[in-house]
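Here the structure comes first, spelled out in structure tokens, and everything after it is commentary.
Chain letters run A, B, ... following the sequence lines, proteins first and then strands; every chain starts at 1.
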Amino acid sequence: MSVLADEELIRRIAEGDRLAMQGLYTRHSTAVYRFLVRIVRDPTRAEDLMSDVFFDVWRQADRYEGRASVTTWMLTIARFKALSTLRRRPHETLEDDEVGALEDDADTPEVALQKADKSDAMRRCLEALSNEHRMVIDLVYYHELGVEEVAQVLDIPAGTVKTRLFHARKRLSALLSKAGIDRGWP
Amino acid sequence: MTTPDPERAEDDLLLPWHATGRLDRGEADRLDAALAREPDLARRLNLAKTEQRETVALNEALGAPSRRSRDGLFERIDADLAGRRTSGGWLARIGAMLAGLSPPVLAGTALAASLLILLQGGLLTSTWLGTPAPSYETASHRETEPGGTVILVAFASQATAERIADTLREAKGSIVDGPRAGNLYRVRIAADAGALSATLDRLRAQPGVVQLAVPETAPAR
């Protein structure tokens, strides 16, 4: 059995094909859900938002023009919905400096180093990045989008995508350094 | 003082995409050549690969959406499909019938339909809306319209109260009277005469909720 391309699934969804919608959901729901969890930091709310994203896809499939990949299109909708939610509840957004301060209160770098190995430290530092930095890191490393695709999702120029990722990686190095891990860069 | 080499700076910016294999052929070849020349650039590429590995592990640890959310989504989709079928059925039949007519017959039919609509508009006004004046009327019930425009709306039988409320909210409308004959409600919307047509189109674009939305041709009593 041949596997239908995303674009073909969207064409069928635009005609009201429920089965095609199931196929698209099976293929992309986990990635969209994880992208949302990383932004809103609440699995329940991320599930609700993910459901809204796919319902938008169902209702608006006839407006998909193929200028971006289906993944890019869905992540763009997801980002818009997540940021709208965060704007409605601004007190719930934790930026990296606040997270860093909280972690500093709990663990000194020495204690953190004792508690976790290098890999754990890296993941904790990835978690501690600001939303802006987390998003660009996730889109490049986990969702494996190209420069132009990330630019479409984040609605910023391609040049800004490159510098934003560079700054996110520098910030990661700084957080790792705080945790006692020197990467020798930058 | 040394001037930074912009190409080397660009190489550093592109390392993450080299790690994920998402560079175009030209960029990848150029970066491969630079990596062969510069051992420190290769070390920095390894840093990017480590970042990718840990980012993937972090995301995979987040799990997957629950069965509950999947079921909820497809319930919404099924409701939407049912709404489309209800509104699409008679429209499709009329469309098929019109498609089978020759142009002269079609033109004549359109003219007759226009006349019929005008006639019905008049009948609607006089029959449904022109009911006898009540024997008494409170001062607060006087039918002056305090801004906005009154339209007539029939809601789809399967539309839930929640969806009707959402639709009215979006149209900045509120029910002021009804149901009247034909299950018509009088709805006051915030749109002025200029924006009326757009608001009616938006309402009609909700087939699962709105069956009919037309301007009120004369002030109702």
Side-chain angles (χ1 to χ4, degrees), chain A residues 13 16 18 21-22 25-26 29-38 43-44 46-55 58-59 118-127 134 136-138 140-150 159 161-163 165-166 168-169 172-173 183-186, chain B residues 6 9-24 27-28 40-41 43-85 88 92 205-208:
Chain A
I13 290 166
R18 190 182 188 277
M21 189 66 200
Q22 285 175 331
Y25 183 89
T26 304
S29 58
T30 300
V32 173
Y33 166 74
R34 288 173 179 170
F35 181 61
L36 287 163
V37 173
R38 292 272 287 152
T44 306
E47 277 197 337
D48 291 343
L49 288 169
M50 183 212 61
S51 186
D52 288 346
V53 170
F54 277 92
F55 194 65
W58 169 256
R59 297 290 295 267
K118 221 170 171 178
S119 183
D120 282 342
M122 170 73 94
R123 287 180 212 176
R124 285 189 302 114
C125 292
L126 283 167
E127 286 275 25
R134 277 202 311 275
V136 73
I137 288 256
D138 283 348
V140 174
Y141 286 140
Y142 177 65
H143 299 279
E144 297 188 352
L145 300 190
V147 177
E148 291 296 336
E149 291 170 320
V150 178
V161 169
K162 293 178 196 170
T163 52
L165 180 60
F166 186 75
R169 297 180 64 225
L172 186 63
S173 281
R183 301 209 293 169
W185 181 85
Chain B
E10 178 75 3
D11 288 347
D12 260 314
L13 295 180
L14 292 179
L15 283 176
W17 285 280
H18 192 286
T20 59
R22 288 305 315 267
L23 289 180
D24 64 41
E27 286 173 328
D40 201 55
L41 189 63
R43 188 185 72 79
R44 296 201 293 278
L45 175 62
N46 280 334
L47 292 182
K49 285 180 177 171
T50 305
E51 289 164 8
Q52 186 199 11
R53 194 170 54 245
E54 298 304 341
T55 303
V56 169
L58 181 67
N59 273 274
E60 285 180 348
L62 295 174
S66 68
R67 179 85 193 182
R68 178 194 61 82
S69 71
R70 185 193 180 287
D71 292 346
L73 169 68
F74 281 93
E75 276 171 22
R76 286 168 80 185
I77 286 171
D78 288 342
D80 186 63
L81 264 178
R84 288 188 203 181
R85 284 193 197 108
Q206 311 242 16

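Salt bridge annotation for D71(B)-R68(B): absent, with no cationic side-chain nitrogen under 4.0 angstrom from a carboxylate oxygen.
For R53(B), there are no salt bridge (Lys or Arg N to Asp or Glu O under 4.0 Å) partners two or more places apart in sequence or in a different chain. Listed by chain and number, the residues in a ring-ring contact (aromatic ring centres under 6.0 Å, His included) with H18(B) amount to none (sequence neighbours excluded).
Only the side chain of V37(A) comes within contact range of chain B, judged by heavy atoms closer than 4.5 Å. Contacts of V32(A) with chain B are absent, with no heavy-atom separation under 4.5 Å from either backbone or side chain. Using a 4.5 Å cut-off between heavy atoms, L36(A) does not touch chain B at all. Heavy atoms of L14(B) lying under 4.5 Å from chain A belong exclusively to its side chain. For chain A, no part of D24(B) is nearby; none of its heavy atoms comes within less than 4.5 Å. Of the two parts of A61(B), neither the backbone nor the side chain holds a non-hydrogen atom closer than 4.5 Å to a non-hydrogen atom of chain A. With a threshold of 4.5 angstrom between heavy atoms, Y25(A) approaches chain B through side-chain atoms but not through N, CA, C or O. The contact between Y141(A) and chain B is made by backbone and side chain atoms together, counting heavy-atom distances below 4.5 Å. Proximity to chain B (any heavy atom under 4.5 Å) is shown, for Q22(A), by both the backbone and the side chain.
No donor-acceptor pair closer than 3.5 Å links the side chain of Q52(B) to the backbone N or O of T20(B). Judged by distance alone, with hydrogens and angles left aside, the side-chain atoms of R123(A) form no donor-acceptor pair with the main-chain N or O of T55(B) at under 3.5 Å. Without hydrogens or angle criteria, R22(B) side chain to E144(A) main chain gives a donor-acceptor distance under 3.5 Å.
For the pair R169(A) and W185(A), the cation sits on the ring face: its NZ or CZ lies under 6.0 Å from the ring centre, inside 45° of the axis.
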